[in-house]
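Notes follow once the structure below has been shown.
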Amino acid sequence: MENNNKYEAVIGLEVHAQLLTNTKAYSSDENIYGAIPNTKTSAITLGHPGTLPVSNKKVIEYAVKLGIAVGAEIRKVNRYARKNYFYADLPKGYQITQDDTPICNGGFIEIPCKKNKTRKINITRIHMEEDAGKSIHDLDPFNTLIDLNRAGVPLLEIVSEPEIKSGEEAFDYIMEVRKLVRHLGICDGNMEEGSLRCDANISVMIKGAKTFGTKVEVKNMNSSRNVRNAIDFEIKRQIDIIEKGGSIVHETRGFDASKGVTLSQRHKEEANDYRYFPEPDLQPIEITTEYISKVKENMPLLPKELFVTYTEQYKLSDYDASLIIEDKNIASYFNQLCKLTNNYKAAANFINGVIKSHLNEKALNITELNIKPVEISDLIRLIDDKKISNSVATSKIFPILLNSNQTAEMIAIENNWIQESDDKVLKELIKDVLAKFPQKVEEYRNGKKGLIGMFMGEVMKLSKGKADPKITNILLRDQLEI
Ligand code: ADP
Ligand code: MG
């Protein structure tokens with residue numbers, strides 16, 4: 001961008017995470033994606049007169065989990081508020097949310113930045129609210145259809161401080177939030193299905209300025225790529241306007257992903273006055289310190305804690321560690337495996353290599369893998385004991401293990417794959433080969449070192465493929481260099 005040096009962008013994100021509860025936030029309607037439209041809509045969801053909402057305990061638990069995970073302060077007395085507006089997909093005419101008493105304040109999300117470092121993006125607040133229904137504009141050519149199954153589905157809204165500086169950083173921030181909520185098991189993070197949605201607030205200012213520029217809000221994006229592209233477009237658009245002597249209008253815009261542009265939706269002057277007031281039908285929720293400790297005790301290790309264990313204790317590379325942590329179930333499989341073997345590097349290689357390619361190929365989750373950690377630890381032990389080669393383990397035994405109840409060792413023995421690593425036996429084989437090709441030995445000794453491959457091949461042949469290649473190579477060189 002030409003004006004990169006003159007301006008800086010200021011970005012704050014509002015991420016909505018749909019919670020994986022069985023029932024809705026304030027009613028016992030089922031919280032399920034993809035059900036037949038308008039079948040999960042009791043009188044409470046529809047806000048019929050005389051109905052009363054009830055707080056779903058799971059929502060509180062999930063909010064507390066997320067709060068603990070980001071290091072937020074958790075509010076002891078939580079009040080609900082009504083946010084009033086009139087729209088066809090909001091049957092009650094208001095959302096039950098939290099106004100000035102969000103359940104969490106503070107905390108941060110760490111995003112990757114240059115040279116293996118991370119940068120903290122502070123969180124302003126996390127509050128509980130309920131989703132609206134869904135307006136469907138593209139099914140019927142003449143009408144907008146309404147599905148109210150989503151109305152009342154619990155959400156956590158995570159509001160960041162305006163500390164994000166680029167589309168790329170916003171992308172990373174969302175990926176980190178996604179990883180965290182999935183890891184905690186509180187949201188499936190499925191952006192295409194709208195389980196994680198993002199509004200981006202974007203402004204630009206002269207580099208180093210003390211006051212922020214006027215912000216524009218780009219609403220409701222459901223892919224992290226769209227968020228990045230919308231922000232990049234918006235930064236450029238705003239800079240262009242300012243450079244031409246114009247000023248930024250405080251407005252809400254939408255992102256047209258097919259054209260890669262943001263488009264004005266409504267100006268802030270026309271903005272709704274939500275007339276927030278305390279929700280009269282719900283008691284304030286009190287959260288005790290004991291409750292918070294209990295939630296904490298039952299939480300899995302966080303991705304950043306796993307990263308420290310993997311890199312510092314297990315000595316994995318940052319790259320290997322990150323690959324494993326990406327998926328909570330894979331991390332859990334790896335943790336089980338590491339209780340059975342001390343060869344953490346080999347364990348990581350198995351997971352990031354042959355196991356992941358199998359899972360990708362078959363579109364499986366690791367929980368569906370037909371091989372238990374103990375079977376992988378057996379394989380690793382056989383390799384470490386030099387009984388089988390790494391390539392036999394991954395390319396031959398692993399595929400058989402997928403469909404067999406035999407142990408790795410039984411398979412190796414049955415197929416005659418146990419390799420020869422006994423020095424004495426190998427030396428005999430090498431002696432035979434060298435005796436068979438005196439001419440070649442001469443040539444090797446005269447400098448044709450490339451012949452080592454041919455000798456290796458002959459020893460392998462003689463051993464019926466069972467010679468340990470590493471040891472053979474060393475012994476062979478020893479013999480030839482004499
Ligand atoms: P509003 O009252 O318009 O909703 P908030 O103060 O609640 O605004 O902030 C909403 C989001 O906008 C937050 O994520 C915040 O970090 C971000 N934000 C606030 N001011 C700016 C700004 N000037 N430029 C970019 N983002 C901003
Ligand atoms: Mg706001």
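As the structure lists them, so they are numbered: ligands from 1, and atoms in each ligand from 1. FYI, side chains are in, hydrogens and waters are out, and symmetry mates aren't considered; it's all heavy atoms of this structure.
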ask   = Given the rule in the side chain to side chain contact (heavy atoms under 4.5 Å, CB included) test, do I376 and F398 qualify, once you have shown the distances and angles that lead to the verdict?
value = CA-CA 9 Å; I376 300 295; F398 180 83; 4.2 Å; yes
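Of the N or O atoms in I202, none lie within a sub-3.5 Å distance of an N or O in ligand 1. Some N or O of S160 is nearer than 3.5 Å to an N or O of ligand 1, by distance alone. In terms of polar-atom proximity, N201 is counted as a contact of ligand 1, with an N or O under 3.5 Å from an N or O of the ligand. Polar contact check, P162 against ligand 1: a nitrogen or oxygen pair lies under 3.5 Å apart. For K215, a nitrogen or oxygen atom sits less than 3.5 Å from a nitrogen or oxygen atom of ligand 1, counting backbone and side chain alike.
Between L369 and L402 there is a side-chain heavy-atom pair separated by less than 4.5 Å.
Per-residue contacts place E161 under 4.0 angstrom from the following atoms of ligand 1 (heavy atoms of the residue considered): 16 (O). Near G12, meaning under 4.0 Å from any of its heavy atoms, are these atoms of ligand 1: 14 (O), 16 (O), 17 (C), 26 (N). Of all atoms in ligand 1, numbered sequentially from 1 with element shown, those under 4.0 Å from a heavy atom of G213 are 23 (N). Every atom of ligand 1 is numbered from 1 in the order shown, and the set under 4.0 Å from a heavy atom of L13 is 14 (O). Atoms of ligand 1 lying under 4.0 Å from any heavy atom of V159, numbered from 1 in the order shown and given with element: 13 (C), 14 (O). Each of the atoms 24 (N), 25 (C) of ligand 1 lies under 4.0 Å from some heavy atom of V10.
Of the listed residues (K236, K6, R237), just one forms a salt bridge (Lys or Arg N to Asp or Glu O under 4.0 Å) with E243, and that residue is K6. Among the candidates D29, D89, D131, the single residue satisfying the salt bridge (Lys or Arg N to Asp or Glu O under 4.0 Å) test with R150 is D131.
Counting heavy atoms under 4.0 Å from ligand 1, residue E217 does not touch it at all. For T214, no heavy-atom contact with ligand 1 is shorter than 4.0 Å.
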Solution key, residues 64-72 side-chain donor-acceptor pairs under 3.5 Å, sequence neighbours excluded:
none

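Scored by the side-chain hydrogen bond (donor to acceptor under 3.5 Å, both in side chains) test, N84 finds no partners at all (sequence neighbours excluded).
Using a cut-off of 4.0 Å between Lys/Arg side-chain N and Asp/Glu carboxylate O, R381 and D384 are scored as not salt-bridged.
Using cut-offs of 30° and 60° on the angle between ring planes, the pair Y314 and Y310 is parallel.
Side-chain contact, N343 with T341: no donor N or O sits under 3.5 Å from an acceptor N or O.
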